[in-house]
There are 2 protein chains.
Amino acid sequence: MSAKMPASGRRQPTIHEVAATAGVSIGTVSRVASESPRVAPETRARVLAAMAELGYQPNAAARAMRTNQTMTIGFLIPDMTNQVFARVAQGAETVLAPEGYMLFAFSSNRSPTREIEFLQAARQRRMDGLIVTLSDETATGTIEEIGRMGVPVVVLDREIPVEADVVYSEHMQPIETVVGQLLQLGHRRIGLITASHNIRPGRDRVTGFKRALEKAGVPIDEWLIRARTQSAERGMAETHDLLTGPNPPTAILAAGSDIFYGALKAVRLLGLSIPDDISFVGADDALLGELVYPPITVIDRDMVEVGRQAAGLLLDRLKGLDASPRRIMLGSDVLLRSSIAAPKQR
Amino acid sequence: MSAKMPASGRRQPTIHEVAATAGVSIGTVSRVASESPRVAPETRARVLAAMAELGYQPNAAARAMRTNQTMTIGFLIPDMTNQVFARVAQGAETVLAPEGYMLFAFSSNRSPTREIEFLQAARQRRMDGLIVTLSDETATGTIEEIGRMGVPVVVLDREIPVEADVVYSEHMQPIETVVGQLLQLGHRRIGLITASHNIRPGRDRVTGFKRALEKAGVPIDEWLIRARTQSAERGMAETHDLLTGPNPPTAILAAGSDIFYGALKAVRLLGLSIPDDISFVGADDALLGELVYPPITVIDRDMVEVGRQAAGLLLDRLKGLDASPRRIMLGSDVLLRSSIAAPKQR
DNA sequence: GGTAGGGATGTAAACGTTATGTCAGCGAAG
DNA sequence: CTTCGCTGACATAACGTTTACATCCCTACC
């Protein structure tokens, strides 16, 4: 009952073999496969039987050569192990699958080189469309490669000089809100750890952060702004550095899911208590914020919806929509929990 | 400087166009592209220049038709948003990429139907190999489809009647160890929440669990064994049910990463304190276990290594190894932390 | 100086499909 | 009885590569 070994031994049946066993021509088999009309019910049945018997699956490469379609969508993500992107993929999948497209995810591990490799591979494979999240907006090679794609590309949360559809998340306003609240509680020194200026989320968070301080007339201390990483390790290091510095912040904003983990770990390792010793705000991992004690205030967004919207934009293009680039902005929520409080008097 | 819209307008250049602009024949272009020798340096340079100018990328479909190779590996995972599988993908990628293979991940969302669809898509696309994690060992359709693949398949942590290479994780022994420790601390009623009998991890965990109880002469209460889910939601429900039942356990084993989240949430919602009210053991998310307070004892394994090993097995087959199926067993660790203690006297 | 040898390049078949054109057969209409 | 229209099926030309084979030209050797 078990399959033969080596599994690699079996050649796949072709349309010719199906035609032979069914006693028809390959044209007829093709028509049955593509469910086109004008084939007699009795003939169709015979062909279907032959297909089943041989376990026939049409060769996608041959098909793609004729039709110029692969029914394949590529999804470029910076980091597969990051739930944020995984959820986007999940959302996109739910929209694409019913239309017959297969979504294949590829992780670049935040390397522009790997991103270029992916884009070239996607072009070689003549994928029908792409959803991409670049790890660096200033990497010109990547952007040029996107320009060469020749198929619709949807960009996620990046500002790059390419006329593509984009799905943005709101980053500025929630940071502004949270910082406003912290200021109101009496905090004057707030540490921000987030991604670098090379990507929109990093820029917008810093902008929102500064804007809130300015509005309250609180001077900006650049030392408190750590916009240069997305990793848990670096997030931990930055947090540690902030909290052990000469004039440490009384609140930490860990704006990024991995940064969130790292920053929280740093706080734990220093033995600080939230919110008594330090107020803490995380981002993008609402579940973690809920599971730890005390529950942590989190800036959250619906990544599944991001995926759905991105897929929707792509699908419109695939259906032939020929309009100027469209932009969708999706909101973020601040989930207030007990991790923020007035700063300790000193 | 920005690309033209619609991006879909551009046709990709073919080998003929490259040949024309370089003033050579397509054969020569092909030889340059595939880096075969016997082409004059001066000609090679001209061809390379033409390729760069046109932004030529060879059509993978056409190439695949001739060579019967796609340099593509498919990775079937039950759930993309689960870090466990993401790490496996990451590990596999690091091994496969240097050999020129592209790894494409596809998430089935634990639906056997989607799994079959993926396997058929993989066969249509003539992928060179597959790494698969099935969501149900008893789904015969899926298994039949694997038998038809005709290319090497590596199976992860499942026992199915297919002669394929497999990478197993150790599940029995760590559960046995942990349960042993809980028994030693005085626990007599321990709740286990894990995956169903339809997959090896579920079976083995239950076996290890029962074995530890038997060894200690503690009677087995089937009510305490909840082997039917992998989701956070169900994990939460099962935990809630256990803890609010007539004769609740004094310790909870949440064996599965999503179950871990759900179970922990249930404990939080019930306002129980770990380890005073209840001892708690999680699995597969060492980071979460470290971030919450108190830190939680976790059964952990190196999923990146699982990916590496799986890719290694696959690579050997792709290189032509023709041996009987190989099995690799990888260990698991118990990371002891302060979430377990002696049960409260009643 | 003719020719063998070999390096560089061109030519063409094949890979497995889809789509187009063609044709046989047949019932209905003139 | 011929012609027309239609249905169902077949033959065949692409699609863009790779590769075996043919061809050409140059060099070196006797």
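The basis for the numbers below is simple: all heavy atoms, side chains too, and nothing from hydrogens, waters or symmetry mates. Throughout, protein chains are lettered first and strands after them, A, B, ... in sequence-line order, and every chain is numbered starting at 1.
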For T43(B), report the nucleic acid contact type (base, sugar-phosphate, nothing); a contact means any heavy atom under 4.0 Å. sugar-phosphate
Measuring from the side chain of [X] (C-beta onward, heavy atoms only), which nucleotide among [options] has the closest atom?
X: R31(B); options: dG16(C), dG10(C), dT17(D); result: dG10(C)
X: T67(A); options: dA8(C), dT18(C), dG16(C); result: dT18(C)
X: M65(B); options: dT17(D), dC15(C), dC15(D); result: dC15(C)

Are S25(A) and dA9(D) close enough that a side-chain N or O sits under 4.0 Å from OP1 or OP2?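 So the side chain of S25(A) is outside the cut-off, no N or O lying under 4.0 Å from OP1 or OP2 of dA9(D).
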Could you say whether N68(B) or V39(B) is positioned toward the 5' end of DNA chain C, judged by the nucleotide with the nearest heavy atom to each? V39(B)
Most 5' of I26(B) and A40(B) on DNA chain C, judged by nearest nucleotide: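 Its nucleotide being nearer the 5' end, the pick is A40(B).
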Would the distance check show the side chain of R125(A) and the main-chain N or O of G74(A) forming a donor-acceptor pair, the cut-off being under 3.5 Å? no
Is a side-chain donor-acceptor pair under 3.5 Å present for [Y] with [X]?
X: T21(A); Y: E53(A); value: no
X: Q90(B); Y: S107(A); value: no
X: T81(A); Y: D79(A); value: yes

When you measure only distances, ignoring hydrogens and angles, does the side chain of R66(A) come within 3.5 Å of the base of dT18(C) through a donor and an acceptor?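 A donor-acceptor contact between them is present.
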